[in-house]
Structure formats: C-alpha cells, structure tokens
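Throughout, a chain's letter reflects where its sequence line sits, starting with A, and its residues are numbered from 1.
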Amino acid sequence: MTNLKSEFLQVLTERDFIHQATDLEALDAKMSEGPISAYIGFDCTARSLHVGSLVQIMMLRWLQKTGHKPIVLMGGGTSKIGDPSGRDESRQLMTDEIIEDNMAGIRTIFDQLLTFGDDASDAVMVNNGEWLDDLRYIPFLREIGPHFTINRMMTFDSVKLRLEREQPLTFLEFNYMILQAYDFMELAGRHNCVLQMGGSDQWGNIVNGMELARRKAGKHLFGLTTPLITTADGKKMGKTASGAIWLNEEQLPAYDFWQFWRNTQDADVGRFLRLFTEVPMDEIRRLEALGGSEINDAKVILANEVTKLCRGADAAKAAEATARETFIKGGAGADLPTVSIPAAALQAGFNVVDLFIEAGLGASKSEVRRLIKQGGAKLNDAKVESEDLVVSADALNDGQIKLSAGKKRHALVKAE
RNA sequence: GGAGGGGUUGGGGAGCGGUCAAACCCAUCAGACUGUAAAUCUGACGCUUCGGCUUCACAGGUUCGAAUCCUGUCCCCUCCA
C-alpha cells in the first residue's frame with residue numbers, strides 16, 4: 001500500500017476508497033504506465049441508483065479525471081437473474097420492460113457525473129444483455145462450465161451465507177456469479193478492460209472473473225473493492241425511515257437530497273467529504289477538524305458539493321438558499337415541498353389537522369393530533385395550540401402558509 | 001409419509017376465555033438539552049365524526065364474552081422416515 005505511483009490509486013488510497021485489491025503493486029505499475037479501462041457493473045433494480053452506489057460512481061469519476069477510461073456496465077442481462085450477494089431472499093424477477101425502464105432512469109445519473117464519448121478517456125456505457133441475452137445454453141456450459149467447480153462456488157460468501165442460514169438459493173441465482181465472471185472476461189476482450197471495481201460484496205464475483213479470464217484467455221486482470229459504507233453509529237448508509245436516498249431528482253427532490261447530507265453526523269463528515277466530494281484533501285482536513293457548532297459549516301459544504309455533483313450547481317444553490325431561509329432566518333424557502341389547495345376551500349376555513357395531512361406532514365388525523373398535542377406542529381412558525389383551529393385565508397403570508405412538523409419537516413400551502 | 005412446534009400491531013417478542021388496541025425491546029415520531037450533530041432524559045406510537053370502529057395467518061364454530069377453546073384451509077419451522 002505504500003508509495004503508489006499512479007495518480008488514481010493515490011487518490012483512492014488517500015480518500016479511503018479501497019477495501020481489498022488484488023495485486024495492487026502490479027496494478028499500480030500498469031496504471032502509471034498509461035491509461036487503462038476499468039468497469040463497474042450496476043444492476044437495473046430500480047429507476048434510480050441510491051447513495052449506496054455513489055461510492056462506485058465516484059470511483060469511475062476519479063478514474064476519468066486521472067486519465068483512464070471508465071466503463072459503465074449496465075446489467076441488462078444479469079438483472080434478469082438477480083444477484084444473491086448479501087441477501088437472504090431471492091429478488092423478485094423483473095420483466096424486460098421494467099429493466100429497460102430502470103436502465104433509462106439510471107443512465108441519467110451517469111450522464112450527470114461522467115463524460116461519455118469516443119475519446120480515449122471518455123466513458124462508455126455497455127449493456128451485458130448484448131452478450132448474455134443470446135447465449136446458447138450447451139455451448140456456454142461447455143465453454144465456461146469446466147472452469148468452475150461447485151466445491152469452490154460453495155465457498156463464496158454469497159452462496160455460503162445463504163446456505164448457512166438455511167435460506168433457499170435457487171439454481172437461477174447460483175448462476176449469477178458465473179455470468180458476472182463471464183462479463184469481466186467479455187469486457188476484457190471487447191474493450192480491453194483490465195480492472196473491475198465494486199462494493200465489498202462483489203469481491204467473490206470479481207475474483208471469479210479474473211480467474212476465468214486467466215484460464216480461458218491467459219489474461220491478468222485486476223480487482224478492487226470499496227468498503228461497505230456505514231454511518232458512525234453502524235447503520236447502513238442511505239437508508240432512512242422515509243426511504244432510500246435516491247440520486248435521481250425524480251425519486252428525491254434536490255432539497256431533501258441536500259438535507260440528507262446536511263444532517264450527517266459529526267463523526268461522518270470527514271469520511272463523507274473524502275468519498276463523496278472532490279474537495280481537496282487539505283481543505284477536508286481543515287473542515288473535519290472544526291469543533292463544536294463550526295462543524296456545521298463543513299456539513300453545508302458537504303451538502304453543497306454532493307448536490308452539485310449529482311443534481312447540478314443550480315439545484316445545490318437553490319437547496320442551500322432554502323435551507324438558509326428556513327433554518328437560519330426562520331422563514332420559508334422556495335424549495336420547500338409545496339401543495340396547492342383551492343382558494344375557495346381556504347376561504348371557507350380549513351381545519352389544521354386536515355391541512356397538515358394535505359401538506360403531507362401526517363398520514364392520519366391521529367398522527368397530526370398527536371403532533372399538535374406534543375407541541376411539534378407549527379403554522380407560520382407559531383405553535384398550533386388546538387386541533388380545532390380553523391385556518392382561513394388570512395393565515396396567508398405572501399400568498400402562502402408555512403407548516404412545520406417538528407424542527408426539520410416543513411411544507412408550504414398555497415391557495416389556487 | 002409420520003411426530004411435534006408455530007403464524008400477534010414496522011421488526012423482534014409476550015399474552016393463552018373477560019381487567020387486551022394487546023407487556024417489553026428495537027425502530028420511528030415529538031418535546032427538553034444543543035449546533036438542522038451525537039449521547040442523554042421525557043412523552044407518544046391502529047383508525048376515529050371521540051359515540052365508537054377495525055386488528056392478533058384465513059374461513060367457519062362454541063361462548064354472555066375469543067388473540068386466547070374447537071373445526072377446516074393456507075403458510076413456516078423442528079425431529080423421524
């Protein structure tokens with residue numbers, strides 16, 4: 001791990017991206033000689049990737065920045081199987097249409113973070129459906145099958161854990177690792193790809209690909225994995241009560257995305273800045289050393305930087321402005337979730353409880369009443385004292401009513 | 001195929017004829033303290049027109065009364081073959 005020569009690996013090391021790597025010295029030598037191609041595979045399990053995948057995407061970005069060629073592999077083919085790694089249950093099988101649709105959604109985030117094209121260090125996107133969809137069973141088995149022993153496959157975590165927990169592992173899923181191994185070899189042949197990266201749960205799959213390519217084609221390929229990113233209190237990152245933190249605007253508005261980062265725990269700020277932003281290391285060291293409430297400045301920078309990367313500079317600015325307006329001035333920022341209600345209904349008088357539900361700040365009347373009872377409900381920053389309060393048009397402030405549930409959840413109501 | 005054990009409110013897990021909307025833990029939400037942090041403390045945590053109403057796998061039944069008893073169905077687990 002010492003004295004790495006290639007810029008890419010230096011960056012990765014410095015920013016704590018590396019969990020495991022195969023033959024790091026040789027890889028370093030190769031990468032410092034000249035540009036290489038490396039890939040990461042993404043399953044098309046949803047219309048957007050979430051922050052759990054952001055580490056991988058950042059690696060591809062650094063790869064490109066340091067002059068190498070990123071290959072984004074869309075798992076159009078493998079998504080039809082479902083990766084059993086790290087899961088106790090089989091994934092629900094998806095139809096081709098859903099996979100297509102998901103792929104289109106996921107593509108947008110890569111367009112945002114990587115430069116695609118035909119130049120040497122331009123990123124390319126490939127779909128493993130290209131070579132997997134039309135595989136013929138018997139020839140494939142004869143070509144690839146002899147290189148895998150069941151004995152060895154049983155030792156990989158994705159298989160072993162499932163079996164140890166006595167959870168079923170179908171033959172379908174059992175094939176996943178073979179197909180991913182085949183992918184690596186295929187990419188090595190088609191795009192001269194020599195490195196596969198991925199999350200730590202992909203280690204087994206990556207190693208399989210390397211071995212297959214070595215045996216079939218005599219190629220020396222490399223693998224590198226990132227650690228599983230958890231929060232300081234040991235939870236999987238990016239899973240909040242309200243759902244996953246999606247990278248696409250369509251799945252999660254920029255303001256909420258920004259807030260997620262702004263609410264990072266003190267202990268995670270430095271690590272997240274290293275992994276999810278391109279802020280220079282000196283600056284990060286300065287920011288993470290901030291004590292007391294000053295660390296909030298670092299959190300704002302974190303939120304701004306990540307939002308800028310994933311959603312663009314304008315979205316980041318707007319989100320920050322809204323947060324500033326809402327939390328510091330105690331006003332109402334434009335980016336807050338907004339709902340419209342008919343002006344006539346408001347004229348007639350609207351019960352607070354119903355209004356909170358309309359604004360999405362409560363799922364049931366009981367829930368809102370509880371909120372009011374506990375003193376967490378505010379209307380235009382004044383505590384709602386009674387659940388019988390009737391809100392009328394004179395509550396409008398610059399044409400809008402600000403509702404708050406607790407300190408962090410705010411919404412605007414406008415009359416139409 | 002045989003013998004047992006079980007399916008309870010987001011998760012775990014009590015309850016085993018009435019006092020059960022159902023202990024407790026976790027998660028979640030709110031309040032206090034702070035810094036839109038963590039930790040801690042407090043409270044809440046099915047729905048409701050506040051009269052009640054719908055929940056304890058599903059469908060029936062016994063009973064004044066069932067999550068609790070009986071019958072059937074579906075699912076899960078353990079052991080034997």
Salt bridge A:Lys378-A:Asp381, side-chain N to carboxylate O under 4.0 Å
no
Distance between the P atoms of B:G61 and B:U68, in whole angstroms?
15 Å
Glycosidic conformation of B:G51, taking syn as within 90° of 0 and anti otherwise
syn
In whole Å, what separates the C1' atom of B:U71 from that of B:C25?
36 Å
Across the strands shown, which category fits A:Ala405 at heavy-atom distances under 4.0 angstrom: base, sugar-phosphate, nothing?
sugar-phosphate
Checking N1-N3 plus N6-O4 or O6-N4 for Watson-Crick, or N1-O2 and O6-N3 for wobble, each under 3.5 Å, the partner of B:A39 is none
Report yes or no: does A:Thr326 contribute a side-chain atom to a donor-acceptor pair with the main-chain N or O of A:Gly333 at less than 3.5 Å?
yes
What integer distance in Å separates A:Arg370:CZ from B:U42:P?
20 Å
Does B:G1 have a Watson-Crick or wobble partner in any strand here, with both distances under 3.5 angstrom, and which is it?
B:C80
Does A:Glu249 have any side chain to side chain contact (heavy atoms under 4.5 Å, CB included) partners at least two apart in sequence or in another chain, and if so, which?
A:Pro253, A:Ala254, A:Arg311
Looking at every heavy atom in both A:Asp354 and A:Phe350, which two are closest together, and how far apart are they?
CB-CE2, 3.7 Å
Considering only the P atoms, how many Å lie between B:G17 and B:G13, rounded to the nearest integer?
22 Å
G-U wobble or Watson-Crick pairing nucleotide for B:C45 (cut-off 3.5 Å, both distances):
none
Which whole number of Å gives the distance between the P atom of B:C69 and that of B:C24?
23 Å
Any side-chain donor-acceptor pair under 3.5 Å between A:Asp233 and A:Gln265?
yes
When both hydrogen-bonding distances must be under 3.5 Å and the geometry is Watson-Crick or G-U wobble, what is B:U73 paired with, if anything?
B:A57
Nearest to side-chain heavy atoms of A:Gln265, which nucleotide of B:C50, B:A37, B:C47:
B:A37
A:Gln374 has an atom CD; how far is it from atom C1' of B:A44, in whole Å?
4 Å
Nucleotide nearest A:Trp258 (side chain, heavy atoms from C-beta), chosen from B:U36, B:A38, B:A30:
B:U36
With respect to the phosphate group of B:U49, does any side-chain polar atom (N or O) of A:Arg369 fall under 4.0 Å of OP1 or OP2?
yes
Assess whether a salt bridge exists between A:Arg47 and A:Asp101, defined as any Lys/Arg side-chain N lying under 4.0 Å from an Asp/Glu carboxylate O.
yes
Side-chain ion pair, A:Arg274 and A:Glu288, N-O less than 4.0 Å
yes
Nearest-Å distance, NZ (A:Lys235) to P (B:C26)?
12 Å
Can you tell me the pairing partner of B:C16 across any strand shown, Watson-Crick or G-U wobble, with both distances under 3.5 angstrom?
none
5'-most contact on RNA chain B (nearest-nucleotide basis), A:Gly376 vs A:Asn296, goes to A:Gly376
Note: A:Ser6 and A:Ser32 closest approach over all heavy atoms is CB-N, 3.8 Å
Nearest-Å distance, NZ (A:Lys299) to C1' (B:G35)?
7 Å
Please report the distance separating the C1' of B:A32 from the corresponding atom of B:C76, rounded so that it comes out in whole Å.
45 Å
For A:Ser366, answer base if it contacts any base atom (sugar-phosphate contacts may also be present), sugar-phosphate if it contacts only those atoms, and nothing otherwise; contact means non-hydrogen atoms under 4.0 Å.
base
In whole angstrom, what separates A:Leu336's CG from B:U36's P?
16 Å
B:U55 and B:A66, which share atom name P, separated by this distance in whole Å:
12 Å
Would you mind telling me which residue lines up with the more 5' stretch of RNA chain B, A:Ala267 or A:Lys378, judged by nearest nucleotide?
A:Lys378
Rounded distance in Å - CG (A:Leu361) to C1' (B:A30):
13 Å
Paired to B:A23 by Watson-Crick or G-U wobble criteria (both distances under 3.5 Å) is none
Is there a side-chain polar atom (N or O) of A:Lys365 under 4.0 Å from OP1 or OP2 of B:G46?
no
Considering only the P atoms, how many Å lie between B:G7 and B:C70, rounded to the nearest integer?
14 Å
Can you list, by residue number, the residues of residues 284-295 of chain A that have a non-hydrogen atom closer than 4.0 angstrom to RNA chain B?
A:Gly292, A:Ser293, A:Ile295
Indicate the atoms forming the closest heavy-atom contact of A:Pro227 with A:His19, along with that distance.
N-CB, 3.3 Å
Atom-pair distance (CZ on A:Arg262; C1' on B:U36), nearest Å
5 Å
Minimal heavy-atom distance between A:Leu379 and A:Ala395, with the atoms involved, is CD2-CB, 4.3 Å
What is the distance, to the nearest angstrom, from the CG atom on A:Leu302 to the C1' atom on B:A37?
13 Å
Answer with base, sugar-phosphate or nothing: what part of the nucleic acid does A:Gln259 contact at a heavy-atom distance below 4.0 Å?
base
Same-atom distance (P) from B:G72 to B:A3, integer angstrom:
14 Å
